Amino acid sequence: MRKVRLTEETKKNILSDLLKRSPNHYASYAETVQEIVDQVAKNGDAAVFGYTEQFDHAHLTPDTIKVKEEEIAAAYREVSPELLEVIRKSLANIRDYHEKQKQYSWFDSKPDGTILGQKLTPLNRVGVYVPGGKAAYPSSVLMNIVPAKVAGVDSIIMATPCNAEGKVCSTTLVAACEAGVDAVYKVGGAQAIAAMAYGTQSIPSVDKIVGPGNIFVALAKKAVNGFVGIDSIAGPSEILVLADETANPRYVAADLLSQAEHDELASAILVTTSDELAEQVSHAVDQFVEQLSRKEIITRSLDRFGYILVAETMEDALDAVNQIASEHLEIVTRNPFEVMTKVRNAGAIFLGEYSSEPLGDYFAGPNHVLPTNGTAKFFSPLGVDDFVKKSSIIYYSREALEPIHKDIIAFAEAEQLTAHANSIRVRFEE
């Protein structure tokens, strides 16, 4: 990994480099994705079946596009009891964590006849996208479905690609069933996003689409955003480790590589105040890379977006942390809880040397669907709030409105909205 002395200039260059990974920088794909979205919106199932044949080499029909109960039963037979037990333990942790996020409707009444409040309503139907192809992600299945269930969403459907024989990954199906999905459709890519957004003869339209995917999925979500809701347009994975001289270099190196193996655009950054630790981590990274199965991906990721930044002070280090606003932030310092209070921008914060990032990916309970590419400055992790909507409640009696009605009329007339003013005035005509 390249070692860089942290200055304002190097920090600026790194931020610029990281932003190159944003889905917004892949305009060359946008026209293709828009064509797919438009065709699915226009032609429904026919377009979905055609694109699935073209991209996934699978022949789908109205009778086979939806996963059947016997397919789910077969998936359970293929998943080991040990893995099923792990999935259930993880699910329980995720559910317990998200239960604590629930909010409730509230009303505030006053003696003069005023009632103000907020009504929370779960979304009616949500679509969850789960990638397939190169790997299976049952953990993402749990992270997207469980908070929707906790929120009280009426119907949750899932789209995920199948192989050429029309089979969906067994662990994906089992995780979806355990989490409480209502239906699973064997569709991937941009065509799956469009199908859930606009609806087809086989796939119902949804109110919101969540879940990660490749650049085609990300751009398709961007294309349908506004017609339906989306969680976010996720970029490549990233980790930032903030460490001082007390950190274990092998732990830090292993954690950096846990994200670098995701794909060639993944980012792994160490920010430290210790030159000695920087050298030790760099050496440990080189040793680990030789032993890991995804060596080529890791190497390309580190060559392009891997950094070891050496800061003069912890204040300088924290400034870089807050400007980079990483998806995953590990704090491995002498006093991680104190340092954490000075962090403004991070998707998920892991404290101490035994809270490594994969703990959050799979088991601890907090959601691993997190803001990327600096969006942690204004976005939050996926949670229960993403699956409810809020309505304001306003009630005034005549006795409550009368003392203030002239104030409202004056405000409306100041904006030259005479119909607004008249709406209030008519209620107090002689």
Side-chain angles (χ1 to χ4, degrees), residues 1-6 10 14 17-18 86 90 135 139 236-314 316-318 320-321 324 326-340 342-343 346-366 368 370 372:
M1 293 178 70
R2 80 198 86 174
K3 180 181 171 185
V4 178
R5 184 68 56 180
L6 185 62
T10 57
I14 290 165
D17 192 30
L18 293 176
V86 170
S90 175
S139 60
S237 187
E238 54 199 35
I239 185 170
L240 191 155
V241 179
L242 174 60
D244 62 15
E245 70 282 357
T246 67
N248 183 314
R250 284 178 58 80
Y251 295 177
V252 172
D255 293 355
L256 291 168
L257 296 176
S258 73
Q259 295 307 291
E261 77 169 344
H262 269 295
D263 66 58
E264 297 167 12
L265 295 177
S267 167
I269 298 174
L270 166 64
V271 181
T272 181
T273 52
S274 169
D275 276 296
E276 184 179 1
L277 180 75
E279 292 297 333
Q280 291 172 334
V281 169
S282 180
H283 180 66
V285 164
D286 292 340
Q287 287 184 316
F288 279 132
V289 168
E290 293 302 317
Q291 306 167 15
L292 297 171
S293 61
R294 295 168 72 88
K295 175 182 176 180
E296 291 184 6
I297 291 174
I298 292 171
T299 300
R300 285 195 286 266
S301 167
L302 295 180
D303 286 345
R304 298 179 67 186
F305 303 109
Y307 293 93
I308 296 176
L309 307 179
V310 181
E312 289 296 325
T313 67
M314 184 56 68
D316 291 338
L318 280 162
V321 165
I324 294 171
S326 185
E327 176 188 18
H328 306 99
L329 169 64
E330 291 188 7
I331 301 177
V332 193
T333 61
R334 182 178 286 103
N335 49 357
F337 286 90
E338 179 185 338
V339 173
M340 179 265 294
K342 300 173 184 176
V343 173
I349 303 173
F350 301 77
L351 302 175
E353 63 181 5
Y354 291 101
S355 304
S356 64
E357 188 279 337
L359 172 67
D361 269 354
Y362 296 113
F363 210 77
H368 78 200
L370 302 166
T372 59

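In this text, all values refer to a predicted model and were calculated from it rather than measured experimentally.
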Quick check: do [X] and [Y] have side-chain heavy atoms less than 4.5 Å from each other?
| X | Y | answer |
| --- | --- | --- |
| Tyr307 | Ile14 | yes |
| Leu318 | Val343 | yes |
| Glu353 | Thr246 | no |
| Val281 | Val241 | no |
| Leu302 | Leu257 | yes |

Give the minimum heavy-atom separation between [X] and [Y], together with the two atoms involved.
| X | Y | answer |
| --- | --- | --- |
| Glu264 | Ile297 | N-CG2, 3.9 Å |
| Leu359 | Tyr354 | CD2-O, 4.4 Å |
| Asp244 | Leu277 | O-CD2, 3.4 Å |
| Gly352 | Pro336 | N-CB, 4.1 Å |
| Ala284 | Ala253 | CB-CB, 3.6 Å |
| Leu309 | Ile324 | CD1-CD1, 4.4 Å |

Partner residues of Gln259 under the side-chain hydrogen bond (donor to acceptor under 3.5 Å, both in side chains) criterion, sequence neighbours left out: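 Gln259: side-chain hydrogen bond (donor to acceptor under 3.5 Å, both in side chains) contacts with Ser237, Glu357.
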To the nearest 0.5 Å, how far apart are [atom1] in [X] and [atom2] in [Y]?
| X | Y | atom1 | atom2 | value |
| --- | --- | --- | --- | --- |
| Glu330 | Ser355 | CD | OG | 8.0 Å |
| Leu270 | Asp255 | CG | CG | 10.5 Å |
| Tyr362 | Ser90 | OH | OG | 10.5 Å |
| Ser258 | Ile298 | OG | CD1 | 9.5 Å |
| Glu327 | His368 | CD | NE2 | 9.0 Å |
| Ile308 | Leu6 | CD1 | CG | 13.0 Å |

Taking only residues two or more places apart in sequence or in another chain, which ones pass salt bridge (Lys or Arg N to Asp or Glu O under 4.0 Å) with Glu312?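 Testing Glu312 for salt bridge (Lys or Arg N to Asp or Glu O under 4.0 Å), a comparison that skips the adjacent residues, returns Arg5.
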Checking His328 against Asp361 for the side-chain contact (heavy atoms from CB on, under 4.5 Å) test, could you report, in this order, the C-alpha distance in whole Å, the side-chain angles of both residues, the deciding distance, and whether it holds? CA-CA 10 Å; His328 306 99; Asp361 269 354; 4.0 Å; yes
Kindly check if the number of other-residue, nucleotide or ligand heavy atoms within 6.0 Å of [atom1] ([X]) is above 12?
| X | atom1 | value |
| --- | --- | --- |
| Glu276 | CD | no |
| Arg300 | CZ | yes |
| Phe288 | CZ | yes |

With side-chain contact (heavy atoms from CB on, under 4.5 Å) as the criterion, how do Glu261 and Leu292 come out once you've worked through the C-alpha distance, each side chain's angles and the decisive distance to 0.1 Å? CA-CA 9 Å; Glu261 77 169 344; Leu292 297 171; 5.8 Å; no
Please answer whether the main-chain N or O of [Y] pairs with a side-chain N or O of [X] as donor and acceptor at a distance below 3.5 Å.
| X | Y | result |
| --- | --- | --- |
| Asp263 | Pro236 | no |
| Arg2 | Arg304 | yes |
| Ser326 | Leu329 | no |

His262 vs Arg294, test: side-chain contact (heavy atoms from CB on, under 4.5 Å). Steps then yes/no. CA-CA 9 Å; His262 269 295; Arg294 295 168 72 88; 6.0 Å; no
For side-chain contact (heavy atoms from CB on, under 4.5 Å), just list the numbers for Met314 and Leu242, CA-CA rounded to whole Å, side-chain angles, deciding distance to a tenth of an Å, and then say yes or no. CA-CA 9 Å; Met314 184 56 68; Leu242 174 60; 4.0 Å; yes
